[in-house]
Structures are given as C-alpha cells and as structure tokens.
Amino acid sequence: MDSTDIGELRPPDRLLMGPGPSETHPRVLRAFGTTPIGHLDPAFVEMMDETQSLLRSVFRTDNRWTIPVSGTGSASMEAAIGNLVEPGETALVPGNGYFGGRMAEMVRRAGGEPVTIETPWGEPLDPEDVRTACAEHDPSVVGVVHAETSTGVRQPSMAELTDAAHDHGAFVVADCVTSLGGVEFRMDEWGVDVAYSGGQKCLSCPPGASPLSVNDAAMEKILGRETPVRSWYLDLSLLEGYWGEERSYHHTAPINNIYALREALRLVEEEGLSARWDRHRRLSTALQEGLWALGLDPVVAPSARLPSLITAQLPGGLAPGDVVETMREEHAVEIATGLGAFADEAVRIGCMGHGARRGPVLETLGALGETLSSHGIGVDPGAGVSAAADELGK
Ligand SMILES: *Cc1c(COP(=O)(O)O)cnc(C)c1O
C-alpha cells in the first residue's frame with residue numbers, strides 16, 4: 001500500500017446491533033471529543049471523583065474501590081482475576097460460554113488453577129453445582145458470568161450463587177460486561193465481591209475505560225498478597241495511589257475515555273437505572289417478537305434469556321456468516337454469528353444502550369426480513385417489523 005493514497009478517515013455507516021460495540025450516544029461522543037487536560041489537574045481529579053460516584057450508582061454498590069480501569073472490558077476482567085487469584089489458588093469458572101473460558105485462561109496466567117463447572121452452552125449455572133464444586137475443590141475464588149454474550153444467557157439466582165461460594169469462604173467475581181447499565185445487576189444486595197464491566201455494551205461508550213468494583217474484603221485479600229500481582233499495569237495496590245487518597249502518578253489516565261464514560265453514566269442517572277433496565281427489557285421483547293415472526297427460534301429458555309443479547313437460530317439451514325454479511329453489505333447493519341455450539345446455526349443480535357430504541361430495533365428487523373427473503377426463505381420481509389411494532393404499541 002502506498003501511504004500517500006491513504007485518505008481521510010471515513011468509516012462506513014453502520015448500525016451497531018451486534019454483541020458490541022453498541023451505538024454510541026451523541027452526547028458521549030461529544031464528551032469524548034473534548035480537549036484533554038492533564039490527568040493530575042485538580043479539575044480532572046474532580047471528574048475522577050464524579051466518575052467513581054456515578055460508577056457506584058450503576059453497580060448498586062457502596063464500595064470505595066470502584067474505578068474505571070484503563071483498557072477495554074478484558075482489562076478490567078484481568079485486573080479482577082489477576083489481583084484476586086494468587087499462584088497456587090483454585091478458582092471455579094463457568095463452562096457455559098466463551099467468557100468463562102477466557103476467565104480460566106486468565107486464572108492460569110495468574111498462576112492459579114482453574115476448575116470448570118461443566119454446564120451446557122445456552123444454560124445458566126446451577127447454584128447446587130457451584131455448592132458441590134466448592135465442597136470438592138475448595139476454591140478461593142468463584143467466577144460467574146452474569147451476562148454471557150457468547151450465548152445470550154443471563155445468570156439468574158446470583159444471590160444463591162454468592163451464598164454457595166461464601167459458605168465455603170470463596171470470593172465471587174462477576175462479569176457484568178453486557179449487563180451493567182442495561183440489565184438488572186445489584187452488586188451489594190447480591191453479595192458480589194468483585195465485579196467488572198466494559199464501556200461499549202449497555203453503556204454505549206467508545207471502548208477504552210472499563211468499570212471495576214472491589215469490596216473491602218476482596219481488597220484486603222489483594223493488599224495482603226504474598227506475591228506481587230504479575231501485571232504491573234493492572235496492580236490494584238499501585239492503582240490505589242492514583243484513584244485513592246494520594247493521587248500520585250501511576251500511568252496516564254485515558255482522559256477522553258473518562259470524559260466519555262462520565263457522560264454515559266450521567267445519561268444513566270438522567271434516565272434512572274431501573275427505567276433503563278425496563279427500556280432494555282421492553283425493546284428486547286419487541287426485537288424477539290420480531291425475530292420469531294420472521295421464523296427464527298430462540299436458543300435460550302425465557303427464564304435465562306439475556307435482554308441485551310439475543311441468540312437466535314436461523315430458518316432453512318441458512319449459514320450465519322452469509323446472513324451477517326448481507327446484513328452488513330446490503331443494509332449497513334452489524335449483527336454477529338453464533339459462537340461455539342451455535343456457530344453454524346445461529347446469529348447474535350444486540351439490544352444495548354443507545355441501540356435499545358424503537359428505530360434501531362425496527363431497522364434491524366426490516367433488514368433481516370429482506371435478508372432472509374433474498375436468501376430464499378419464504379417469509380414476509382415485513383413480518384418482523386410488524387410484530388415488533390405491535391409489541392411496542394401494547
Ligand atoms: C465484551 C465482553 C468482554 C470483553 O470485553 P472487551 O471490551 O471486548 O475487552 C468480557 N466479557 C463479556 C461477557 C463480554 O461480553
């Protein structure tokens with residue numbers, strides 16, 4: 001490639017209705033584009049405090065240790081696991097999806113021993129299985145994925161899971177990357193010790209600063225570690241210097257990502273967290289009615305279905321990759337193929353944050369109807385839009 005041919009940045013128009021990133025709210029984008037100031041400037045320090053306070057609110061926690069980690073959701077995930085798990089310790093991880101597998105890999109790299117709680121993809125964990133596994137393996141950490149984006153499973157019975165872990169003296173780490181700010185999550189009430197999330201799913205932020213909250217008991221374990229955390233960058237005992245009382249330099253905060261996250265969290269406050277959960281539920285129900293009207297089939301039982309990410313089986317043996325491609329190339333709508341056990345038969349459609357609105361949902365269903373039709377499926381291309389509009393009109 002001749003570098004003189006590289007033109008001005010002009011990404012194609014896309015409606016982002018996949019597993020993330022989601023549509024960015026225009027106000028968040030404006031905040032992102034605001035001129036950076038120094039990360040130790042008292043004015044920025046005040047924004048840090050505000051961001052932390054807003055984060056506590058969206059996590060439903062009083063944890064002092066609530067910060068945005070620099071990096072995407074995987075960075076806050078690795079901060080959670082890498083700090084909490086010490087070499088030689090056992091951590092239980094869920095076997096019901098892709099992100100439980102990533103947890104296992106992070107536990108291994110932290111020097112720990114992951115033990116997978118075997119559960120079929122598409123189903124949630126059973127608290128009784130966690131209890132049994134705790135008795136058998138004596139873990140110091142139990143990992144749970146509250147919103148498994150690879151399958152579209154929401155983990156119900158979170159409080160029962162944390163009870164099972166706590167009865168055995170284990171700490172609970174919850175992945176709420178695809179639920180925070182869109183699907184009911186109550187950190188303190190449910191007894192979650194460490195929770196991490198990301199910006200670009202239900203919070204509708206550009207990726208780059210990722211919520212993390214750690215309770216006092218977990219922080220005590222972390223600060224009392226016998227060996228230093230293997231990652232210098234994500235070591236919470238060092239980050240305490242910057243986000244805690246001292247405000248000393250550790251690494252340069254991603255200023256604009258913090259601006260954006262702060263604005264995204266202000267939007268959550270304005271709407272109200274429970275109103276936002278309701279909106280996601282309502283728009284997701286409409287999306288689902290539209291999908292079933294187009295002949296797709298749900299993969300996950302209603303009791304464990306995640307509102308923010310729907311996995312749906314395609315009709316007529318259509319290849320997910322072909323549908324995703326037509327949706328992108330002909331309709332400028334991004335959705336994703338299934339993963340793992342559902343890779344060959346299902347698509348994944350997000351309903352997150354700024355995408356969880358009437359316009360984006362109807363546009364997605366309209367495009368999908370036309371896509372199915374163009375691939376030879378005998379379906380009324382408008383059936384999805386009608387069903388969803390009916391549902392929203394109820
Ligand atoms: C997206 C996601 C992550 C990883 O976040 P990145 O921002 O892609 O690093 C982790 N867990 C779950 C459940 C996710 O959906």
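For ligands, and for the atoms within them, numbers begin at 1 and follow the listed sequence. Note that these values count all heavy atoms, side chains included, but never hydrogens, waters or copies made by symmetry.
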request  = Looking only at protein heavy atoms, identify the closest one to atom 3 (C) of ligand 1 and say how far it is in Å.
outcome  = Phe99 CE2, 3.4 Å

request  = Please indicate whether any nitrogen or oxygen in Gly73 is less than 3.5 Å from any nitrogen or oxygen in ligand 1.
outcome  = yes

task = Report the part of Glu148 in contact with ligand 1, treating N, CA, C, O as backbone and CB onward as side chain, heavy atoms under 4.0 Å; options are side chain, backbone, both, neither.
result = neither

inquiry  = Counting the benzene-type ring for Trp, do His146 and Trp190 have ring centres under 6.0 Å apart?
reply    = yes

ask   = Does ligand 1 have a heavy atom under 4.0 Å from the side chain of Ser210, from its backbone, from both, or from neither?
value = neither

ask   = Is Ser74 close to ligand 1, meaning an N/O of one under 3.5 Å from an N/O of the other?
value = yes

inquiry  = Any side-chain to backbone donor/acceptor pair from Asp175 onto Ala195? Under 3.5 Å, distance only.
reply    = no

query = What is the nearest protein non-hydrogen atom to atom 8 (O) of ligand 1, stated with its residue, atom name and distance?
reply = Gln200 NE2, 3.9 Å

Residue pair Val300, Leu306: steps toward the side chain to side chain contact (heavy atoms under 4.5 Å, CB included) verdict = CA-CA 8 Å; Val300 178; Leu306 180 63; over 6 Å; no

inquiry  = For Leu161 versus Pro127, what's the shortest heavy-atom pair and its separation?
reply    = CD2-CA, 3.6 Å

remark   = Note: heavy atom closest to atom 11 (N) of ligand 1, options Asp175, Thr149, Thr151, belongs to Asp175

request  = Keeping the roles fixed (side chain from Glu148, backbone from Ser150), state whether a donor-acceptor pair exists under 3.5 Å.
outcome  = yes

query = Gly198 near ligand 1, heavy-atom distance under 4.0 Å?
reply = no

inquiry  = I need the atoms of ligand 1 closer than 4.0 Å to a non-hydrogen atom of Ala147, numbered in the order shown.
reply    = 13 (C)

query = So, Arg56 side chain and Arg64 main chain: donor-acceptor pair closer than 3.5 Å or not?
reply = yes

inquiry  = Under 4.0 Å between a side-chain nitrogen and a carboxylate oxygen: does that hold for Glu270 and Arg27?
reply    = yes

inquiry  = If I apply the N/O under 3.5 Å rule, does Lys201 come out as touching ligand 1?
reply    = yes

inquiry  = Treating Asn96 as the side-chain partner and Trp121 as the backbone partner, does any N or O pair qualify as donor plus acceptor under 3.5 Å?
reply    = no

Element-labelled atoms of ligand 1 that are located less than 4.0 Å from some non-hydrogen atom of Arg102 = 4 (C)

